[in-house]
Amino acid sequence: MVSVTTEYISVGGNRHPAAAAWDVQSGVLAFGADNNVALWDPAENSHRGVYALLTGHTDKVSAIKFYTCPTSGQKLLLTGSVDHTLRLWRADPSDARQFSLVYTLEGHTGSVNAIAVANGTDVVASGAADGSVKLWRIITQNGVMGEIIQTISMKPRFFPLAMAMILLPADTKDRTIVLAVAGTTNVVQLHVAENIHAGLDFKFSAVLSGHEAWIRSLSFTHDKQSKVGDLLLASASQDKYIRLWRFHRGEIAPLLPSKDEDPMIPGLEPTLSNKAHQFHAAGSTYSVTFEALLFGNEDWIYTTAWNPTAERQQLLSASADNTLTIWEQDLASGVWISAEKMGEISVQKGSTTATGSTGGFWIGLWSPDGKKVVSLSRTGSWRVWSYDEVADVWVQSLGITGHVRSVNSVSWEPTGGYLLSTSADQTTRLHAQWLQDGLRSWHEFSRPQIHGYDLNCVDTLGSTRFVSGADEKLLRVFNKPHPVAQLLERLAGLQYSSGDELPDTAQIPVLGLSNQAMCEEAPADIDGNGPDGVETGQLYANQAMLSESEQPPLEDQLARYTLWPEHEKLYGHGYEISAVAVSHDNTLIATACKASSIDHAVIRLYDTSDWHEIRPSLAAHTLTITNLAFSGDDRYLLSVGRDRQWAVFHRSEQDSSVFSQLASNLRGHSRMILDAAWGPENDIPFFATAGRDKSVKLWQMVEGSFVCKSTIPLKTSVSAIAFYPQMQRGLYILATGEDSGELSIYQIAAGSLEIKHLVSVERLLSPSKTVTRLAWRPSIEKDKIEGNKCSFELAVASEDSSTRIYAISNMVL
């Protein structure tokens, strides 16, 4: 039986402060990845990265919390989305790292922005862009479900962006729960409900004022220094400050400074009022007082999180100024100080798009043991810092990376050594396998292109060069730099010839789109100073350090030191590039652009020996050409388009740069054709086309033209197809990807073109949105043939922002 397993998932996190949570029991970190929920174990020694994507939401996931039912002990994952719903995912009893969708909570009319849970209760709160907070009771007796028990409308009206819930300390069984809500306002509202075992009724109880801008994060903890069970609430704001509030059972007489005393911060006296806010619940009086002001950040603060361990009272904050800060209370003075700062302290020179020096950290989380912290950056990548107890320092370790918008194309290096992916997030990324101590794990090894336009297509030009097309009128060709080649050779086993003349490094100029090669004749001197000063010398030093690294690059290295220098620009098109294909002998590049008229719906050819355009252009279509493909022997060029037709051009045997139209079909499909692929080299050429008419058609050459021999009907529009590049025992292997995200594998008999369905990838393992491109990994050692069974690897790009590699094994031929 054919088995399909997921070898690799590369996906970036959603830039929403509430869209991630780290489970204390299982160690699983769940984060929103477009409309999916990604699961990752940062402590896993194998460095596997994301091991599963949960599909169910129909729009971006914006809030995540783990929840344990106090009665049944069942572990649930709660997720909220821009699709207005909350979903409950139950952990598998046999494997707590796996989750399945069990219930959907509906009721909000706006995007869900925050979820709050209180340990020891069956109550969950959700806040949404409809200006309301809804309270739900989670029921786990017969299955898992939830029911709404109360709706609180925010008055004066604001959108809840941050919430926190906790049980108040009390001597009686009638426990009291307090809900703190904040968002597009500069105050924190407190809502209190008595006797959680009876019918809950949250009542507005107090307002905590002092912030001067929107509040983005709230988090409760038990004060470890208090002997009477006081609580601390941290509130973080866009005013760049964190405020701590003390919840105390009983009345507190506030200590007001006399007029002679110096204020804590000059000029901020009005914001430091220590008024005691009081409310009554369950026969007790509770006082809330301002405890401390934490300052030092230079930009908005997105999240705060208390260290989950009992040993140390530490607060972690993530800010848009690119820093993670750990705050601790000095035991002698009681003053809260910044004990540790991690991240990029200084703004680096260079394009902000390239360096990630704007946007900062959107999320900061503690590991269950308090010895690791992670942060989500603007680029969608997770950075990890681990605490070294011996040296008493926090050291950055390997995290995970991925695209944050639709992945539009993937292309394998000719030997299968690495995979290039390109995306609407304006980056091209290089993925390769890290081979270490018998373990294999996929990672991003380089970020060759960081652009100012959405990228649409990519293809490799041998092992040291590639070409990409974007929403601009030209294509760009890039060369692999020497440090990246060395890194891939040492860690991924990808050999390169030492005779290859590779550039040293690349940099992006401020406000520029071109990756400029740096001067090779002027390396840094012994003090690290280059011809352009200290920064150029530092860049060379970092490149050298990268090429000698014993692990894949970290996120900040990827963004700054793994760019590929631009080799050439290819001009000629009038609109955004829609397709690119490179001949197998790497001598020709064929491209097309978006078009609404016959004038622009042409194929332009470029000679890679001197990069000149071969004229005239090839004309056959009337609308945008969606894909181009060279046959295995490069004798034919196939084009398909939105005008429902396909065309085949024949290469002249006398002049290899001349193509003439051999055949075309004005109505190849009843709706637009989205993709096409040539079958592996054979005596009789044939190709497949995929259309919005929910079918794949196989066309075989008959007397100088091509005739439809077979049709594969599918459920939805077919958006991507790919043949495995070699024939296997008289059979062809075809992969299809659909608009729904479904993936299927077929075998096709040579000659007769009879079709047999082999396997469909499980929906739980498939992308949740349109498959944009498929690419089989070229034959390498991993592709084994044992007896009559084969194993292959298939790369899949999808609009759900994921790049995946599937291992397809036990394929009986």
Side-chain angles (χ1 to χ4, degrees), residues 17-31 39-44 63-70 73-78 91 96-97 114-121 124-125 162-169 177-178 180 217-226 229-236 242 244-247 291 294 301-318 324-329 336 338-340 342 361-376 382-389 394 397 399:
W22 203 337
D23 184 34
V24 175
Q25 279 83 34
S26 64
V28 172
L29 194 156
F31 64 91
L39 302 179
W40 168 43
D41 184 355
E44 199 171 41
I64 292 180
K65 285 286 184 188
F66 283 97
Y67 167 77
T68 302
C69 177
Q74 289 191 48
K75 171 71 67 179
L76 298 178
L77 177 63
L78 281 61
R97 292 157 44 92
I115 298 174
V117 299
N119 292 333
T121 73
V124 170
M163 297 193 305
M165 223 170 25
I166 197 168
L167 286 171
L168 288 173
I177 191 168
V178 62
S217 176
L218 295 170
S219 52
F220 276 113
T221 189
H222 291 273
D223 184 8
K224 297 179 176 63
Q225 314 298 331
S226 171
D230 287 0
L231 303 176
L232 291 177
L233 171 66
S235 60
I242 299 171
L244 300 184
W245 310 87
R246 179 174 296 278
F247 285 66
E291 175 79 5
L294 313 187
I301 301 170
Y302 283 120
T303 65
T304 56
W306 293 98
N307 190 328
T309 61
E311 289 80 26
R312 305 179 76 173
Q313 186 154 287
Q314 296 174 312
L315 180 68
L316 176 72
S317 65
L324 275 184
T325 307
I326 296 177
W327 306 86
E328 281 189 287
Q329 190 174 19
W336 285 83
S338 169
E340 188 73 38
M342 294 159 282
F361 294 151
W362 287 70
I363 300 174
L365 296 172
W366 288 98
S367 66
D369 62 3
K371 294 181 180 178
K372 286 182 189 290
V373 294
V374 296
S375 69
L376 177 73
W382 286 95
R383 307 188 193 199
V384 181
W385 282 269
S386 303
Y387 181 59
D388 185 337
E389 295 184 16
W394 289 85
S397 53

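Quick caveat: nothing in here was measured; it's all calculated off a predicted structure. The figures that follow rest on heavy atoms only: side chains count, while hydrogens, waters and symmetry mates do not.
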Using side-chain heavy atoms (C-beta onward) and a distance below 4.5 Å, is [X] in contact with [Y]?
X	Y	answer
Trp382	Leu29	yes
Ile177	Met165	yes
Leu244	Leu315	yes
Leu324	Glu340	no
Lys65	Met163	no
Gln329	Trp336	yes
Phe66	Gln25	no

For the residue pair Ser217 and Thr304, confirm or rule out a side-chain donor-acceptor distance under 3.5 Å.
-> yes

Keeping the roles fixed (side chain from [X], backbone from [Y]), state whether a donor-acceptor pair exists under 3.5 Å.
X	Y	value
Trp366	Ala305	yes
Ser26	Asp23	no
Trp306	Ser219	yes
Thr303	Gly364	yes

Would you name the heavy atoms of [X] and [Y] that are closest together and state the gap between them?
X	Y	value
Ile64	Ala19	CD1-O, 3.7 Å
Ser226	Arg246	CB-NH1, 4.2 Å
Pro42	Trp22	CG-CZ2, 3.4 Å
Leu78	Val124	CD2-CG1, 3.3 Å
Gly399	Val384	CA-CG2, 3.9 Å
Ser367	Pro308	O-CG, 3.3 Å

How long is the gap from [atom1] on [X] to [atom2] on [Y], to the nearest 0.5 Å?
X	Y	atom1	atom2	result
Leu365	Leu376	CG	CG	9.0 Å
Ser375	Met342	OG	CE	8.5 Å
Ser317	Ile242	OG	CD1	4.0 Å
Ile363	Phe31	CD1	CZ	9.0 Å
Asp369	Asn307	CG	CG	9.0 Å

Go through the structure and list residues passing side-chain contact (heavy atoms from CB on, under 4.5 Å) with Arg312, not counting sequence neighbours.
-> Gln314, Glu328, Tyr387

Lys224 NZ: over 12 foreign heavy atoms closer than 6.0 Å | yes

Are more than 12 heavy atoms from other residues, nucleotides or ligands located less than 6.0 Å from atom CG of Asn119?
-> no

Would you sort out whether Leu232 and Gln313 count as a side-chain contact (heavy atoms from CB on, under 4.5 Å), showing the intermediate values?
-> CA-CA 11 Å; Leu232 291 177; Gln313 186 154 287; 3.5 Å; yes

Checking side-chain contact (heavy atoms from CB on, under 4.5 Å) for the pair Val178/Phe220: CA distance, chi angles, key distance, verdict?
-> CA-CA 10 Å; Val178 62; Phe220 276 113; 4.0 Å; yes

Begin from the C-alpha positions of Ser338 and Trp327 and carry the test side-chain contact (heavy atoms from CB on, under 4.5 Å) through to its verdict.
-> CA-CA 5 Å; Ser338 169; Trp327 306 86; 3.9 Å; yes

Walk me through it: do Leu231 and His222 pass the test side-chain contact (heavy atoms from CB on, under 4.5 Å)?
-> CA-CA 5 Å; Leu231 303 176; His222 291 273; 3.2 Å; yes

